[in-house]
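Residue numbering restarts at 1 for every chain, and letters A, B, ... go by the order of the sequence lines. When reading the values below, keep in mind they use all heavy atoms of this one structure, side chains included, and skip hydrogens, waters and symmetry mates. This one's a predicted model, so the numbers in the text were calculated from it and none came from an experiment.
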2 protein chains.
Amino acid sequence: MILKKTIKNSPESIVSLALTSETLTGRSGFLLAKAAQRVRDTYDEHLKTLNMNARHAGILTILEEKGSLAQNELGKCAYIDRTTIVALIDDLEKLGLVERQEHPTDRRSHVIYMTAKGKELMPQIGKKAKEVEKEYLGPLTASEQKSLIQLLRKLVFHHYSMPKETR
Amino acid sequence: MILKKTIKNSPESIVSLALTSETLTGRSGFLLAKAAQRVRDTYDEHLKTLNMNARHAGILTILEEKGSLAQNELGKCAYIDRTTIVALIDDLEKLGLVERQEHPTDRRSHVIYMTAKGKELMPQIGKKAKEVEKEYLGPLTASEQKSLIQLLRKLVFHHYSMPKETR
DNA sequence: TATTGTTATACTCTATAACTATA
DNA sequence: TATAGTTATAGAGTATAACAATA
């Protein structure tokens, strides 16, 4: 990536450059923050018509894949804190897409299961996710897309596999 | 990546699986969100001793690379909204690392320049950034790290090169 | 003692609306 | 009319502390 630089010689040392920092755009911290922000926007935009956001869709996707799960297991699957997931399940319950059930053996725990309405909606959610992925990853070739996913998976699995204290 | 699945046959259809969703971890939306969250935590942790966070360090890095910039140019460089960057510059000014100056030709504009104290601090910030990048990208080989950065750059450049309306 | 779900609370990051002063 | 900086404000996402119920 070659960036055009037009340096104006100014006594005030104000220079006019391409509005991009080579250093910053070489750091994963900056790139991941900006990439995540934009892909989330895209997800939210596409899911707005279903009255949900990317995290709601993610929870439903886990339930579809794994079947009913305890609320804490669902949180671990989504890498979402137990205090954070409460409101998300609340939202999905209000939409009539999931319901909390008593856990058969642990009375502290809630089992989250998908309602018929939720199951009916899954094809639409899957379709939206596919659209977003296609749109967002569009600038990359198919092979590059695959590479990116694999590299990110490797990173995420590694950093979420250890307890917070030893990170 | 092969995940071990231990499916318990339970009449309540509660299954015990590896707490990872194949579907979700195949989507850039999920992976980028989680990767960004963790790398930001790592940056913040390392920069805490300098009383700043990842975004402050990013702004200083841009100033070091490009010299003094108008506040709006700085925001564009960092992909940060003009209403958001105000407080960040305030913070850096309070730390005595940058100062707002009058723009020589446009009286609406502020030029942000680094103070001597700020310039002195840059080696430390650069060192911290290198440490974080090394630590965070550690699970990847050198070649993989390079690939990831290149792929993310391509994505970010593409998605931030067009105006918001046509995204 | 530890864990599950919950609430209250707070902090970070972001952006819209509206204002002022300029251009 | 448009732009630069600013403030007020609000929203999304996250997590800590503390509690009740239960293991």
Whole angstroms only, please: what is the [atom1]-[atom2] distance between [X] and [N]?
X	N	atom1	atom2	result
A:His110	D:dA21	NE2	P	13 Å
B:Ile112	D:dA4	CD1	P	13 Å
B:Asp41	C:dC13	CG	P	10 Å
A:Ile85	C:dG5	CD1	P	9 Å
B:His103	D:dA4	NE2	P	10 Å
B:Ile89	D:dA4	CD1	C1'	13 Å
A:Lys76	C:dT4	NZ	P	5 Å
B:Asp91	C:dT12	CG	P	10 Å

Please table the atom pairs, donor to acceptor, closer than 3.5 Å between any side-chain atom in residues 121-131 of chain A and protein atoms at least two apart or in another chain.
from	atom 1	to	atom 2	distance (Å)
A:Lys128	NZ	A:His46	O	3.4
A:Lys128	NZ	A:Thr49	OG1	3.3

Quick test of your reading: applying salt bridge (Lys or Arg N to Asp or Glu O under 4.0 Å), list the pairs with at least one residue in residues 139-149 of chain B, sequence neighbours left out, ordered by first then second residue.
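Listed by first then second residue: A:Lys154-B:Glu144.
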For a quick test of your reading: what N or O donor-acceptor pairs under 3.5 Å do the side chains of residues 50-60 of chain B make, sequence neighbours left out?
from	atom 1	to	atom 2	distance (Å)
B:Asn53	OD1	B:Arg55	N	3.0
B:Asn53	OD1	B:His56	N	3.1
B:Asn53	OD1	B:His56	ND1	2.9
B:His56	ND1	B:Asn53	N	3.1
B:His56	NE2	B:Asp91	OD2	2.9

Does D:dT3 have its OP1 or OP2 closer than 4.0 Å to a side-chain nitrogen or oxygen of B:Arg107?
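So the side-chain polar atoms of B:Arg107 never come under 4.0 Å of the phosphate oxygens OP1 or OP2 of D:dT3.
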Does A:Asn72 make a side-chain N or O approach to OP1 or OP2 of C:dT3 shorter than 4.0 Å?
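A:Asn72 to C:dT3 OP1/OP2: no side-chain N or O under 4.0 Å.
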Interface with DNA chain D, restricted to residues 26-37 of chain B and to heavy atoms under 4.0 Å:
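When residues 26-37 of chain B is checked for heavy atoms under 4.0 Å from DNA chain D, the hits, listed by number, are B:Lys34, B:Gln37.
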When you compare the protein's N or O atoms with those of nucleotides 7-12 of chain D, which come within less than 3.5 Å of each other, and at what distance?
none

Distance-only donor-acceptor test (3.5 Å): side chain B:Arg108, base D:dT3
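Pair found.
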Partners meeting salt bridge (Lys or Arg N to Asp or Glu O under 4.0 Å) with A:Arg100 (sequence neighbours left out)
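Expected list: A:Asp90, A:Glu93.
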For B:Asp81, give me all partners under salt bridge (Lys or Arg N to Asp or Glu O under 4.0 Å), at least two apart in sequence or on another chain.
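With neighbours one apart ignored, the set is empty.
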Charged tip of A:Arg38 within 45° of A:Tyr136 ring normal and under 6.0 Å
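Negative - A:Arg38 is either too far from the ring of A:Tyr136 or too far off its axis.
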Test side chain to side chain contact (heavy atoms under 4.5 Å, CB included) applied to A:Lys117 - qualifying residues, sequence neighbours left out
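Once residues adjacent in sequence are excluded, the partners of A:Lys117 under the side chain to side chain contact (heavy atoms under 4.5 Å, CB included) criterion are A:Leu97, A:Thr115.
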Sequence neighbours excluded, which residues qualify as side chain to side chain contact (heavy atoms under 4.5 Å, CB included) partners of A:Glu120?
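With sequence neighbours excluded, A:Glu120 shows a side chain to side chain contact (heavy atoms under 4.5 Å, CB included) to no residue whatsoever.
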Under 4.0 Å between any heavy atoms, over every strand shown, what does B:Thr84 touch: base, sugar-phosphate, or nothing? Just pick one.
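Base: the residue B:Thr84, judged by heavy atoms under 4.0 Å, touches a nucleobase.
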According to a hydrophobic-cluster definition based on side-chain heavy atoms being under 4.5 Å apart (Ile, Leu, Val, Met, Phe, Trp, Tyr only), do A:Val86 and A:Ile80 belong together?
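They do not share one cluster, since no chain of ILVMFWY contacts under 4.5 Å joins A:Val86 to A:Ile80.
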Using the closest heavy atom to pick a nucleotide of DNA chain D for each, name whichever of A:Ile80 or A:Asp106 lands nearer the 5' end.
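Looking at DNA chain D, the more 5' nearest nucleotide goes with A:Ile80.
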